[in-house]
Colleague: 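My structure is below; once you've seen it, I'll send some questions.
Here is the naming used below: chain letters follow the sequence lines, and residue numbers restart at 1 for every chain.
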Amino acid sequence: MAAMLALVIANNYVQYFMAWEVMGLCSYLLIGFYFHKDSAANAARKAFLTTRVGDVGLFLGIMTLFVTGGTLSFTDLPNAVQTGAPLLWLAAPLIFCGTIGKSAQFPLHVWLPDAMEGPTPVSALIHAATMVAAGVYLVARSFVLFTSFPVVMPWVMGVGTLTAFMAAYIALTATDIKKVLAFSTISQLGYMVTAMGLGGMTAGTFHLMTHAFFKALLFLGAGSVIHGAHEQDIRELGGLFSKMKQTGATFVIASLAIAGIPPLSGFWSKDEILLEAYEEGHYLVYGVLLLTAFMTAFYMFRLVFLTFFGKPRNPDIHAHESPALMTIPLWCLAMGAILVGLPGSPFMDHWFQGFLSGAHHGGEINGMVMGSSVAAGVLGIGLAAVLYLLKPQWPVAIATTFRPLYLLSVHQFWIDDIYAILILNPFQGLGEFLFGFDRLVVDGLVNSSVTAMQRMSQIQSWIDRNIVDSIVNLTGRGTVIGGDLLKLFQTGSTQFYLLITCLSVLAFLSFELTTGFQELPLLREEFYGFSSFILDNIFPAPWGSNHPFAP
Amino acid sequence: MAVVSALTFAAFLQFDPNQTGFQLVEKALWIPQLNVYYLLGTDGISFPMVVLTALISTLASIGSFSIQRREKEYYCLYLFLVTGMMGTFLALDMILFYVFWEIVLVPMYFLIGIWGGPRKEYAAMKFFLYTFAGSLVMLVGILGMYFNSTPHTFNLMELAENEFSFGFQKLVFLALFIGFAVKVPTFPFHTWLPDAHVEAPTPISVILAGVLLKMGTYGFFRFSFPILPDAAYWFRPYLAILAAIGIVYGGFVALAQTDFKKMVAYSSISHMGFVLLGLAAFSTNGFNGAMLQMFSHGVITGALFLLVGVIYDRAHTRDMNAFGGLNAQLPVYSGLLVFFSLASLGLPGLSGFVSEFLVLLGSYEYSKIYTAFACLGIILAASYLLFMVRRVLLGPLNPQWESLPDINTREIVTLVPLLIITLGIGLYPRYILSFFVPTLQQLLANIGGALA
C-alpha cells in the first residue's frame, strides 16, 4: 500500500522506480503467501522475474532519459522533450517495457494468471485494481514523451489491442473462476494501453478508474464464492444464486459493468476508448476492440451463468452466504461500479476528462459507436445465455467442431510452453554449459598449467639430475681421475724427480733449438725475464747488478 | 578484534571526508638504501575499505565461535590476516603494499588448509599459487615504476607526479592488472574463487568475499588509475568487456549451481564485475558506484555467506535441492535470507540498488551495449537468487528437517549490523557517499588533467 501511494505521489522517475520495485516485491511475497504450495512458490518467482524483465527496460529508459534529456522529474519532462536530444525517443519504448511487464501486456502477461495463487483479496487489490494499473499510469505520466515521438504510438496501440483480444480469447475457455478474471484483467488493461496508444490519455485513465471498481468487486465476489463453496472450478459450480444472493447480485452488477451495459461505469469508459479509435480513423483497432467487447460480455456471463444459475452440478458442494464482513465491501464496490462512470459521462459534462486534461472536453456523442458497443455487450450476454442456460450441450459441440481454435484458447496460445522452450530451458542450459565450461576449460587451463609446470619441473629435474649434475659429477670425477694420474708422478723418490727435471730441461732446450729463437720472441723474452727473475731472487749471485741486496 | 574496531572507530572520529589528500599519515624510514618507507595513511578511497575490514572481521570473529578445533592457532592466524588486510588498505609505499598484500596470503593458506572442507588442501594450494603468481607479475610492474621514476621511489604520491611514457604505462598497467585481476577476480582469472570459498570455513569465506576481493579493485583505484591514467584510459574498453563478461558469465554459472555456497561464490564474480564496469566508465557516477558497490557487496555477500554457514552448521549439507519449505521451520532465518537475497539482486531501498544504479548510470554514458549486458546480469541475479529462495525456503517442508533449530542469538548478532547498514545505505546513500565523493572527484580531476 505504502509503495503504491509512494508511486502515485512520486514526482520523479527514481522515486517512481523505487516504489515500483517495492510494489513488485510485495506482490512477490503476497503471491507466495501460501509458500508451502509448490504452485504458489513457482507463481511468485515467475511474477517477480517476468516483471523484472520489463523493469530492466524501464530502468534503461530512465537512464536514457537522464542522459539524453537531462532530467528525471515529471514536471520538467515537457521541457526536456523540446530540447530534441537525438536519442530521447528511445526512452519511450524502453519505459513502455516497464508497462508491458507490470501491466501484464503481451508478451509478458504470463505471470498474472499464475499470480492468482495468492489470497483472493490480494488478487482483488493488487493484481486487478491497482498495482497492475501502475504500468498504465506510467504511460499517462510520461504521456508527453510518448506523444512527442509518434513512431512509438502505433506500437503501444498494437500491443494493447493484441493483448486485449488475446486475453479475452483465452478467457473464453478458462475454467478456474479466478483465471477467467485474471485474463479479463489482462484484456481490460489492454484496452487502457490501446487508449494510450491512440492518444486518448483521458479515456485510458478513465477506464483505469472504472475498471478498478468493478474488477475488485468481481474478485471479492469470486473470493466470496470460493469461501462459501470451497470450489474454484466453474464446471463444478452452478445454481449458487439461491444460496448466495448478496454475492450473486453484486457479481451480476459488476459483470454488467464490465460488459459495457449502460448506465454502469464500464459502459462510459469503454465507449470513450472505442470512440477514440473510431475518431482517429483506426477502424481495424475499433473492430478488434468491438469484437473483444463482445467476447468480454460472453465470457463474463458464461462465468455468471455457470456459477450462479442453472442447476447445481456437484452435489457435494454445500454453499452458504458469506458473513457481512465480506458482503458489505461487495455492496460498497457495487455502488462504485454503478456510479463511478458518471463523472466521465456526458451527463456530467465529462468532468473527469476535463480534470485530467485541464481543458474542456467537448466530446460529441457518437450514436453509431455507442450503439455498436451496447449491441456487442447485449449479443455477448445473449449468446452466453443461449449456450450455458438453454442449450448446455452446444458448447461441447462447438469445441469439438472448432478444435484447433478451442485448443489455442485452452493452451493460452502455448506462450508458456514457447517461453519454456525458447528462454527458460536455454537459460538454464546455458548456465549449466558455462558451468561445465568453467570447470573444464577455464579451470582446466589453470589446473593444466599447474600440471604443465609439474611436468616441466620433472623434465628440468631430469635434466638437472642427468645433465647438469652429471657435468658437476664429471668435473669431480675428472678431478679424481686427474688426481689419480698425477699421483703417479708423486713417487717420493728424488731420483725420479731429478730424472723428470732433466728430461724437461732437455725437452725444452731441444724445442728451443729446433724452432729457433727468432720465431718466438715473446716467449723468449718472457723466458729470459722469468728465469732472470728466478735466478736473481733465489740465487743472489754477485753478477746481478740490480739486486736489492747488491752492494 | 575489539581493539581493531576501537581503533577504527577512533579513526572514524578523526577522519575528515572533505579533505582530499591523505590523512592520519604515519611515516618512518624503513630501508634507506632503496628509499623505502613504512608509510601508512588513509583517504576517501581507503577509509571505507578500512571500516569494512574492521566491521567484517569483527563480525566474522563472532561467527568463528563455531570453530572448536585448534582455536589458538586459528585466532593467531586470524589476527595476522586482519593485520595484512588493514596494511594493504593503508600502505602508501608500494613495497610496503606488496609486503602486506603477500602477508594476507599466508594466514589465508593455513586457514583454508587446516579448517577447511573436504578438498581443503587443493583449494588452499590453488588459492595461494594463483594469487602468488599474479602478485609476482605485479611486483615486476612495481619495480618497473621504481626504476623509471626520477628520483627512484616507491612512494605512491611521488609516483603519481611522474609522467611516464605511454608505452611504459601500458606495460606496467598490464602487469598490475594481472595482479589485481586475479584477486578481484575478473573473468577468466576467477576459478580459484569457487574452490576457495566452498572449502573455506564460514568466517573465512566471509572475509574472502567481504574484504579480500576488494583488495583487487582497491588496487585499481589506488595505484593503476592515479599513476597510469593514460594507460587506464586506453584499456577501458577491455576492462568494460571483461566486466560485462564477468557479470553475465558469473550470473549464468550461478544459475546452474546446486551447492548453495558455490552459487553465492559465483554471484560474487558477477557483482564484482559491476565494480570493474564502474571503473571503466571513467565518470563521477561510475567511480562512486564502483566504490559503493565494493562496500555494499562486502556487506551483502558477507551476510549471505554467514547465512549459508548457519544452515550448513545445522544440516551439514549445502545442496539446495535437499532443502525446501524451511520458511515454516526457520522463520527468522528465512526472513534474513530473503532480505539479503533481495539486497543482492538490487531491490531499490537496499544498498545493492544504489551502487548498481550509479554504476549503470556511469557506464550508460560510456557504452550502451555493456550497460545492456549488465542489465541482463541483474535479471540473472534475480533468477538465481529467487531460484535459491524457492528451493530452500518455499515449497513443502522436507520431513528430514523437522527438528532443525532456528537461527540463534549469536548468529543474529553477526547479521543485524549488516542488515542495518544495507538498509541505511539503501535509504540514505548520501551519508556514505560523503566519505569518498570528494576524493574520487579529485582523482577524476587529476586523471582528467593528465589526459588533457
Colleague: More than 12 foreign heavy atoms under 6.0 Å from CG of B/Leu427: is that the case here?
Modeller: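 Correct, the count exceeds 12.
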Colleague: Would A/Phe17 and B/Phe357 count as a close aromatic pair, with their ring centres under 6.0 Å?
Modeller: no
Colleague: Looking only at heavy atoms, which two atoms of A/Arg52 and B/Leu345 are closest? And how far apart?
Modeller: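 Minimum heavy-atom contact is NH2-O, 2.9 Å.
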Colleague: Would you say B/Phe339 has more than 12 foreign heavy atoms packed within less than 6.0 Å of its CZ?
Modeller: yes
Colleague: Between A/Leu29, A/Asp55, A/Val56, which has the largest tally of heavy atom pairs under 4.5 Å with chain B?
Modeller: A/Val56
Colleague: Of the backbone (N, CA, C, O) and the side chain (C-beta and beyond), which part of A/Asn42 lies under 4.5 Å from a heavy atom of chain B, both, or neither?
Modeller: both
Colleague: Quick check for you: to the nearest 0.5 Å, what is the distance between A/Thr64 atom OG1 and B/Lys368 atom NZ?
Modeller: 7.5 Å
Colleague: Report which part of B/Tyr266 has an atom under 4.5 Å of a heavy atom belonging to chain A: side chain, backbone, both, or neither.
Modeller: side chain
Colleague: Going from CZ on A/Arg45 to CE on B/Met388, what distance comes out if it is rounded to the nearest 0.5 angstrom?
Modeller: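 Rounded to the nearest 0.5 Å, the CZ-CE separation comes to 12.0 Å.
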Colleague: For B/Phe353 and A/Glu21, what are the C-alpha separation, side-chain angles and deciding distance, and is it a side chain to side chain contact (heavy atoms under 4.5 Å, CB included)?
Modeller: CA-CA 11 Å; B/Phe353 170 74; A/Glu21 286 285 308; 5.8 Å; no
Colleague: Where do B/Gly349 and A/Met18 come nearest, in terms of heavy atoms and distance?
Modeller: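 Scanning both residues, the minimum pair turns out to be N-CE, 3.4 Å.
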Colleague: Could you give the distance from CG (B/Leu385) to CZ (A/Phe48), rounded to the nearest 0.5 Å?
Modeller: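 Separation between the atoms: 10.0 Å.
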Colleague: Under 4.5 Å heavy-atom distance to chain B, tell me which part of A/Tyr28 shows up: side chain, backbone, both or neither.
Modeller: side chain
Colleague: For a quick test of reading the model, state the closest non-hydrogen atom pair linking A/Leu49 to B/Ile379 and the distance between them.
Modeller: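 Reported closest heavy-atom pair: CD2-O, 4.3 Å.
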Colleague: Calculate, to the nearest 0.5 Å, the distance between atoms CE and OG1 belonging to A/Met63 and B/Thr371 respectively.
Modeller: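 Here the rounded value is 6.0 Å.
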Colleague: Between B/Ile378, B/Leu360, B/Leu342, B/Leu397, who has the most heavy-atom pairs with chain A when the cutoff is under 4.5 Å?
Modeller: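 Greatest number of close heavy-atom pairs with chain A: B/Leu360.
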Colleague: For the candidates B/Trp192, B/Tyr249, B/Tyr130, which exhibits the highest count of non-hydrogen atom pairs separated by less than 4.5 Å from chain A?
Modeller: B/Tyr249
